K.L.:
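Dropping the structure in here first, questions after.
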Amino acid sequence: MKKCGILNAQLAGFIAALGHKDLFMIGDAGMPIPKGIPIVDLALCGGVPTFKQTLDAVIGEAEVEFYSLAEDIKEKNPTLLQHIQQKLQGVEHEFILHEDLKEQSKQVRFAIRTGEFTPYPNIILRAGVAFPA
């Protein structure tokens, strides 16, 4: 039995299978996931698990080289934005329209649904490589 890190077998498997440049998403309880995209549904109830908890666990196991956020997070959820920027410090990123983020979500390998109920806690991450260049 695995005793640390991500214990959810489905999520651990998806992270382990990521290749360089693969996209994946962490979203809130209401983020629409495009048809055909595998979903790791962690949502238990409103607020459980939080986006922060999920992001922290995922980036503890996945190498991230780039991420995309909706422009609206700057105004509607600055506290969460600050957390993301601290946890992904030094990682290149972009702010795009929320509709463009939804469109980009059609390209992800998998999506993680959290129980988050705050505005715009949706991120698309691009996998990096874990070895030095």
Side-chain angles (χ1 to χ4, degrees):
M1 179 177 167
K2 189 173 180 191
K3 68 179 189 174
C4 63
I6 292 177
L7 301 178
N8 180 290
Q10 181 189 24
L11 181 53
F14 281 148
I15 291 171
L18 285 170
H20 187 212
K21 306 271 185 204
D22 284 344
L23 299 176
F24 62 106
M25 181 171 74
I26 302 173
D28 61 22
M31 180 69 171
I33 309 300
K35 283 189 179 202
I37 302 297
I39 302 170
V40 179
D41 195 343
L42 302 179
L44 180 62
C45 60
V48 180
T50 67
F51 177 91
K52 287 180 183 180
Q53 290 169 326
T54 306
L55 177 70
D56 293 356
V58 167
I59 64 174
E61 299 207 11
E63 188 68 30
V64 174
E65 69 177 18
F66 188 84
Y67 63 93
S68 301
L69 295 166
E71 183 78 33
D72 301 285
I73 196 170
K74 292 176 183 177
E75 181 183 330
K76 305 284 185 182
N77 205 338
T79 302
L80 184 59
L81 174 59
Q82 182 179 18
H83 180 83
I84 293 166
Q85 290 175 326
Q86 285 175 335
K87 292 295 180 174
L88 293 171
Q89 189 171 9
V91 176
E92 289 185 51
H93 58 280
E94 67 180 353
F95 293 96
I96 59 179
L97 296 174
H98 187 62
E99 289 305 315
D100 292 340
L101 191 78
K102 288 179 184 178
E103 187 64 29
Q104 192 178 38
S105 73
K106 295 177 182 176
Q107 306 303 315
V108 301
R109 293 269 318 260
F110 63 92
I112 305 164
R113 180 178 286 133
T114 68
E116 188 69 41
F117 272 18
T118 64
Y120 300 99
N122 304 296
I123 188 170
I124 294 180
L125 304 142
R126 186 172 73 206
V129 292
F131 48 85

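This structure is a prediction, so every number in the text was calculated from the model and none was measured.
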K.L.:
Apply the hydrophobic cluster definition, ILVMFWY joined by side-chain contacts under 4.5 Å directly or through others, and give me every member besides I96.
P.N.:
L23, M25, M31, I33, I37, I39, L101, V108, I124

K.L.:
Please collect all ring-ring contact (aromatic ring centres under 6.0 Å, His included) contacts where either partner lies in residues 103-124, sequence neighbours excluded, each pair once.
P.N.:
F14-F110, F24-F110, H98-Y120

K.L.:
Does a side-chain N-to-carboxylate-O contact under 4.0 Å join K52 and E116?
P.N.:
no

K.L.:
Output all residues satisfying salt bridge (charged side-chain N to carboxylate O under 4.0 Å, His left out) with K102, sequence neighbours left out; order by chain, then residue number.
P.N.:
E99

K.L.:
Which pair of heavy atoms, one from L69 and one from N122, lies closest together, and at what distance?
P.N.:
CD2-O, 3.5 Å

K.L.:
Please write out which residues are connected to V48 in a hydrophobic cluster, directly or through intermediates, given that two of Ile, Leu, Val, Met, Phe, Trp, Tyr count as joined at side-chain heavy-atom separations below 4.5 angstrom.
P.N.:
L44

K.L.:
Is the backbone of Q53 close enough, under 3.5 Å, to the side chain of D56 for a donor and an acceptor to pair up by distance?
P.N.:
no

K.L.:
Please report the C-alpha distance between N8 and V40 in whole Å, then the side-chain angles of each, then the deciding distance to 0.1 Å, and finally whether the side chain to side chain contact (heavy atoms under 4.5 Å, CB included) criterion is met.
P.N.:
CA-CA 9 Å; N8 180 290; V40 179; 4.0 Å; yes

K.L.:
Other members of the hydrophobic cluster containing F66, with the 4.5 Å side-chain heavy-atom rule, please.
P.N.:
none

K.L.:
Donor-acceptor pair, distance only, cut-off 3.5 Å: does the side chain of D22 make one with the backbone of A127?
P.N.:
no

K.L.:
Are the side chain of T114 and the backbone N or O of G27 linked by a donor-acceptor pair below 3.5 Å?
P.N.:
yes

K.L.:
Does E94 have any salt bridge (charged side-chain N to carboxylate O under 4.0 Å, His left out) partners at least two apart in sequence or in another chain, and if so, which?
P.N.:
none

K.L.:
Who pairs with D28 by salt bridge (charged side-chain N to carboxylate O under 4.0 Å, His left out), at least two apart in sequence or on another chain?
P.N.:
none

K.L.:
Tell me, with the steps shown, if L88 and I123 meet side chain to side chain contact (heavy atoms under 4.5 Å, CB included).
P.N.:
CA-CA 12 Å; L88 293 171; I123 188 170; 4.1 Å; yes

K.L.:
Can you list every pair that meets salt bridge (charged side-chain N to carboxylate O under 4.0 Å, His left out) and has a residue in residues 73-85, with sequence neighbours left out?
P.N.:
E71-K74

K.L.:
Working to the nearest 0.5 Å, report the span between CD of E92 and OG of S68.
P.N.:
11.0 Å

K.L.:
Looking only at heavy atoms, which two atoms of P49 and L42 are closest? And how far apart?
P.N.:
CD-O, 3.1 Å

K.L.:
Over all heavy atoms of both residues, which pair between E65 and G128 is shortest? Give the atoms and the distance, please.
P.N.:
OE1-CA, 3.7 Å

K.L.:
Measure across P119 and P121 and return the closest heavy-atom pair with its distance rounded to 0.1 Å.
P.N.:
C-CD, 3.1 Å

K.L.:
For E63, check salt bridge (charged side-chain N to carboxylate O under 4.0 Å, His left out) against everything at least two apart and list the hits.
P.N.:
none

K.L.:
To the nearest 0.5 angstrom, please state how far the CG atom of L97 sits from the CG atom of D72.
P.N.:
8.0 Å

K.L.:
Nearest 0.5 angstrom please: I26 CD1 to T54 OG1, how far?
P.N.:
6.5 Å

K.L.:
Can you list everything that forms a ring pair (Phe, Tyr, Trp, His ring centres under 6.0 Å) with H93? Sequence neighbours excluded, please.
P.N.:
Y67, F95

K.L.:
Can you run down the ring-ring contact (aromatic ring centres under 6.0 Å, His included) pairs that involve residues 71-90, sequence neighbours left out, and say none if there aren't any?
P.N.:
none

K.L.:
Which residue pairs satisfy the ring-ring contact (aromatic ring centres under 6.0 Å, His included) criterion with at least one member in residues 38-63, sequence neighbours excluded?
P.N.:
none

K.L.:
For side chain to side chain contact (heavy atoms under 4.5 Å, CB included), just list the numbers for I73 and I84, CA-CA rounded to whole Å, side-chain angles, deciding distance to a tenth of an Å, and then say yes or no.
P.N.:
CA-CA 11 Å; I73 196 170; I84 293 166; 4.0 Å; yes

